Undergrad: 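Right, I'll just put the structure down here and ask away after.
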There are 2 protein chains.
Amino acid sequence: MQAEIITIGDEILIGQVIDSNSAWISEQLNKIGVNVHQICSISDDIEHIVTALQEAENRADLVIITGGLGPTDDDITKKALCKYFDTKLVRNQDLYDKIVKFITKYGYELIERNLKQADLPEKCKLITNNYGSAPGMWFEKNNTIFISMPGVPFEMKNIMTNGVIPQIKSHFNTNTILHRTIMTHGIPESYLAEMLNDWDKQLSEKIKLAYLPSPEHVRLRMSISGDNIDELKQILRDEEEKIKKIIPQDIFAYDDQTLQEKIGLILKERKQTLSTAESCTGGNIAKLITSISGSSEYYEGSVVAYSNEIKNTVLGVKNESLIEHGAVSQKVVEEMALGVTRLMDTDYGIATSGVAGPKGGSKDKPVGTVWIAVASKNKVISEKTAFGNRRDFNIRHSTSKAIDMLRRFILFD
Amino acid sequence: MQAEIITIGDEILIGQVIDSNSAWISEQLNKIGVNVHQICSISDDIEHIVTALQEAENRADLVIITGGLGPTDDDITKKALCKYFDTKLVRNQDLYDKIVKFITKYGYELIERNLKQADLPEKCKLITNNYGSAPGMWFEKNNTIFISMPGVPFEMKNIMTNGVIPQIKSHFNTNTILHRTIMTHGIPESYLAEMLNDWDKQLSEKIKLAYLPSPEHVRLRMSISGDNIDELKQILRDEEEKIKKIIPQDIFAYDDQTLQEKIGLILKERKQTLSTAESCTGGNIAKLITSISGSSEYYEGSVVAYSNEIKNTVLGVKNESLIEHGAVSQKVVEEMALGVTRLMDTDYGIATSGVAGPKGGSKDKPVGTVWIAVASKNKVISEKTAFGNRRDFNIRHSTSKAIDMLRRFILFD
């Protein structure tokens with residue numbers, strides 16, 4: 001079966017709001033085996049809504065509609081639904097009583113604008129909204145199911161979870177879709193595809209494969225659908241085992257777990273601690289590590305040493321090293337990593353020093369050159385990377401590389 | 001004229017990725033007077049892409065397509081474009097040479113998968129991609145313009161800004177739309193609207209006004225369209241002067257200049273320096289300050305002091321203060337700010353200490369409580385904020401508040 005999502009609202013079309021509802025709805029539908037075929041954002045305009053509903057009906061078995069159900073004049077979804085389903089608004093007495101009770105409870109005035117929320121298209125079946133006055137609405141036309149919900153995310157999510165999902169499950173006889181995402185670091189997308197080429201060729205046609213790259217990592221996603229969940233799970237597990245044998249050290253996690261989450265788990269499990277000394281990444285490593293709630297258990301802190309003076313006075317990098325090799329050098333970055341490990345008395349230390357760009361740089365050390373070091377109390381390793389002059393990219397890329405170097409240092413060195 | 005956006009990629013339809021590209025593209029098109037009528041996300045499937053292109057052609061003068069141009073087998077947009085425009089792939093020698101140069105420069109192997117990126121549909125006009133191997137492509141069919149770009153956001157944004165936008169401007173005869181964005185900090189959206197109510201009422205109907213709130217600031221955008229640019233500019237300037245009189249200290253910049261850019265300009269102009277001491281913001285202030293190229297001129301560095309020990313040993317916060325008042329207190333945050341100013345020998349220091357959440361907190365210091373201090377060598381001020389238990393929001397909000405406190409400290413104290 002095919003589903004489509006239609007989001008209604010000018011704020012999306014002028015770029016003022018990012019449509020995050022659709023991704024969430026898609027994920028929920030996927031989990032119960034409903035395949036989302038298309039997502040459309042359209043304007044607050046009756047003709048446009050009616051046309052979009054007609055087009056969706058021709059293609060889909062299920063159409064989920066969000067937005068345009070509020071009490072202000074720009075909300076015209078109900079009018080459009082009445083037109084499309086050839087019906088009229090009638091007052092729903094239960095909903096009316098509920099709205100009156102809600103408004104009087106909070107001491108607000110009863111105004112017509114709010115009471116009108118109880119007028120619903122006659123042909124719809126109501127789906128309860130526990131958090132607001134606009135309920136979900138279920139329609140049927142020519143064997144297609146249409147469900148309309150408000151666009152306010154927490155109201156929509158509540159209606160979906162408690163009303164829509166159970167009703168879709170019982171109405172449609174759906175296949176299960178399973179996904180498994182393998183999170184890799186260290187191999188660019190095209191080379192990863194090369195390395196996995198033979199494996200890919202033997203892959204069952206049932207499995208759909210996708211490479212999803214970012215400056216931080218490459219995600220490899222396998223998807224499979226069918227009716228026997230245990231069998232599907234086993235197929236994905238088997239393929240995962242084969243991939244693991246090809247790139248045993250480059251997989252850092254599964255199913256969208258991030259590097260910073262993973263390193264947190266590793267450190268927690270080992271009851272070990274981390275500190276960082278950042279020059280070119282400017283606090284971004286600290287920012288990512290501390291974005292995880294509970295990171296204070298294993299993370300002591302960072303010295304963002306942007307100037308040579310701080311590298312020397314706070315981190316104890318030798319002045320000779322700075323003068324002889326320059327701040328962006330293997331020597332200095334290793335002293336930084338060892339320095340912060342000592343200063344903060346942690347098991348591990350990470351350090352970065354580079355030319356993030358777009359300016360700076362020299363013939364020897366072109367823009368993009370970044371040295372990264374990982375240290376324990378008695379050992380230090382370092383690597384150089386260089387990826388062009390995009391400041392933002394360089395910071396993100398070296399941040400993730402630094403965290404991944406620590407992962408490899410702990411697990412494989 | 002009407003534009004539509006089509007984003008291609010299963011990752012959006014299964015909810016793994018939120019389509020943020022479309023909002024950005026819509027915003028850019030709106031700025032040059034192009035109205036986005038519809039946004040569609042569709043699957044990596046040739047038939048589906050061809051159908052979507054056909055439907056869009058019937059409705060729109062301009063169709064922007066993103067995604068599906070990578071080097072792996074799931075990227076099939078080029079094949080679909082060839083089918084739709086009845087053309088074939090031919091090797092583009094310039095692009096081929098550029099790709100070879102790029103790959104060899106970084107010491108990678110030349111593999112067919114990457115070289116194939118130089119094969120483009122014969123009927124397209126190329127639009128340069130400065131950051132990747134997949135260029136933008138410009139097609140025309142039955143008076144509709146189609147532009148295909150990769151979905152990687154930083155590549156797409158570069159192609160749009162440098163290639164697509166200027167070419168759309170010269171191809172279509174659009175009205176000039178001028179925007180003036182006033183960047184404010186410190187007044188919540190609804191209160192700002194109250195304060196500007198009288199001004200808003202006298203505003204000419206020609207000017208469209210939008211409040212754009214974020215955890216960092218509230219942007220106030222005025223838009224006006226017409227043909228006499230000088231006249232339009234003068235109208236916007238006049239209104240801006242009126243707003244300035246109502247909220248003289250709360251405007252920190254104009255036209256999407258960020259707080260971190262503004263503070264950089266202020267410090268550079270005064271030849272003054274800054275350091276930071278971060279607990280709950282975990283490096284996010286450092287990260288934002290150093291996201292500006294050239295920040296090493298005025299930024300010395302940061303101590304991310306996540307543990308009490310580091311606050312004491314590195315920043316010199318008194319153990320009595322930590323014991324008596326706790327880490328999240330006015331006393332400690334002021335000592336942190338003064339401590340880092342001394343340690344890094346800077347003109348100013350910023351410090352934060354709080355409970356970012358979602359866990360932690362106590363009756364006295366509920367989750368969300370954040371103390372922020374700004375110091376010079378001989379003066380320190382501090383403020384407390386509290387905004388609930390959303391970790392990400394708390395970090396972003398206190399980061400921007402801290403930088404804005406420094407701006408007010410320098411300019412108005």
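Here is how names work: the chains are called A, B, and so on, in the same order as the sequence lines, proteins then strands, and each is numbered from 1. These numbers come from a predicted model, not from an experiment.
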Undergrad: Tell me if a side-chain donor or acceptor on A:Y191 pairs with a main-chain N or O of B:E109 at a distance below 3.5 Å.
TA: yes
Undergrad: Does atom CD of A:E309 have more than 12 heavy-atom neighbours from other groups under 6.0 Å away?
TA: no
Undergrad: For B:D73, which atoms come within 4.5 Å of any heavy atom of chain A: side chain, backbone, both, or neither?
TA: side chain
Undergrad: Tell me, for B:I310 versus chain A, whether the close heavy atoms (under 4.5 Å) come from the side chain, the backbone, both or neither.
TA: side chain
Undergrad: Taking every non-hydrogen pair under 4.5 Å, which of B:R221, B:R113, B:K311 racks up the most with chain A?
TA: B:R113
Undergrad: So for A:A305, is it side chain, backbone, both, or neither that comes closer than 4.5 Å to the heavy atoms of chain B?
TA: backbone
Undergrad: Answer with side chain, backbone, both or neither: which region of B:Y131 has an atom nearer than 4.5 Å to a non-hydrogen atom of chain A?
TA: side chain
Undergrad: Checking B:L315 against chain A: side chain, backbone, both or neither under 4.5 Å from a heavy atom?
TA: neither
Undergrad: I'd like to know which of A:S295, A:A286, A:S302 tops the heavy-atom pair count under 4.5 Å against chain B.
TA: A:S302
Undergrad: Could you tell me the separation between the CG atom of B:D19 and the OG atom of A:S41, rounded to the nearest 0.5 Å?
TA: 7.5 Å
Undergrad: What part of B:S279 is in contact with chain A, defined as an atom under 4.5 angstrom from a non-hydrogen atom: side chain, backbone, both or neither?
TA: neither
Undergrad: Taking all heavy atoms of A:E189 and all of B:P71, pick out the closest pair and write down the distance.
TA: OE1-CD, 3.6 Å
Undergrad: With a 4.5 angstrom heavy-atom cut-off, is it the side chain or the backbone of B:V152 that approaches chain A, or both, or neither?
TA: neither
Undergrad: Between A:L192 and chain B, with a heavy-atom cut-off of 4.5 Å, which part of the residue counts as in contact: side chain, backbone, both or neither?
TA: neither
Undergrad: Passes side chain to side chain contact (heavy atoms under 4.5 Å, CB included), B:I14 versus A:S26? Steps please.
TA: CA-CA 5 Å; B:I14 66 164; A:S26 299; 5.8 Å; no
Undergrad: With rounding to the nearest 0.5 Å, note down the distance linking CZ in A:R396 to CZ in B:F154.
TA: 8.0 Å
Undergrad: Side-chain contact test, heavy atoms from C-beta onward, threshold under 4.5 Å: evaluate it for B:Q16 versus A:T181 and give yes or no.
TA: yes
Undergrad: Would you give the length of the straight line joining atom OH of B:Y306 to atom OG of A:S275, rounded to the nearest 0.5 angstrom?
TA: 14.5 Å
Undergrad: Tell me, for A:D255 versus chain B, whether the close heavy atoms (under 4.5 Å) come from the side chain, the backbone, both or neither.
TA: neither
Undergrad: Return the option, out of B:A3, B:S43, B:A356, B:S296, with the maximum number of heavy-atom pairs under 4.5 Å with chain A.
TA: B:S296
Undergrad: Identify which part of A:D392 has an atom lying under 4.5 Å from any heavy atom of chain B, answering side chain, backbone, both or neither.
TA: neither
Undergrad: Checking A:P188 against chain B: side chain, backbone, both or neither under 4.5 Å from a heavy atom?
TA: side chain
Undergrad: Please determine which of B:N114, B:T72, B:I111 meets the side chain to side chain contact (heavy atoms under 4.5 Å, CB included) test together with A:E194.
TA: B:I111
Undergrad: I'd like to verify something: which residue of A:K287, A:E27, A:H179 has the highest number of heavy-atom pairs under 4.5 Å with chain B?
TA: A:K287
Undergrad: Please classify the contact between B:N284 and chain A as side chain, backbone, both or neither, with a heavy-atom cut-off of under 4.5 Å.
TA: both
Undergrad: Any sub-3.5 Å donor-acceptor pair from A:R391's side-chain atoms to B:T290's backbone N or O?
TA: yes
Undergrad: So which part of A:V303 gets closer than 4.5 Å to some heavy atom of chain B, the side chain, the backbone, both or neither?
TA: both
Undergrad: For side chain to side chain contact (heavy atoms under 4.5 Å, CB included), just list the numbers for A:H37 and B:I42, CA-CA rounded to whole Å, side-chain angles, deciding distance to a tenth of an Å, and then say yes or no.
TA: CA-CA 6 Å; A:H37 178 68; B:I42 60 172; over 6 Å; no
Undergrad: In terms of heavy-atom pairs under 4.5 Å, which option from B:G283, B:S293, B:C40, B:A23 contacts chain A the most?
TA: B:S293
Undergrad: Identify which one of B:D10, B:D44, B:D74 satisfies the side-chain hydrogen bond (donor to acceptor under 3.5 Å, both in side chains) criterion when paired with A:K208.
TA: B:D10
Undergrad: Do you know which of A:Q38, A:E4, A:Q28 has the most heavy-atom pairs under 4.5 Å to chain B?
TA: A:Q38
Undergrad: So, B:E155 and A:R390, do they make that salt bridge, N to O below 4.0 Å?
TA: no
Undergrad: Step by step, work out the side chain to side chain contact (heavy atoms under 4.5 Å, CB included) result for A:E278 and B:V304.
TA: CA-CA 10 Å; A:E278 306 186 51; B:V304 180; 6.0 Å; no
Undergrad: Identify whether the distance between the nearest side-chain nitrogen and carboxylate oxygen of B:E55 and A:R59 falls below 4.0 Å.
TA: yes
Undergrad: If you count heavy-atom pairs within less than 4.5 Å of chain B, which of A:N30, A:L13, A:I18 leads?
TA: A:L13
Undergrad: Using heavy-atom distances under 4.5 Å, tell me whether B:S291 contacts chain A through its side chain, its backbone, both, or neither.
TA: backbone
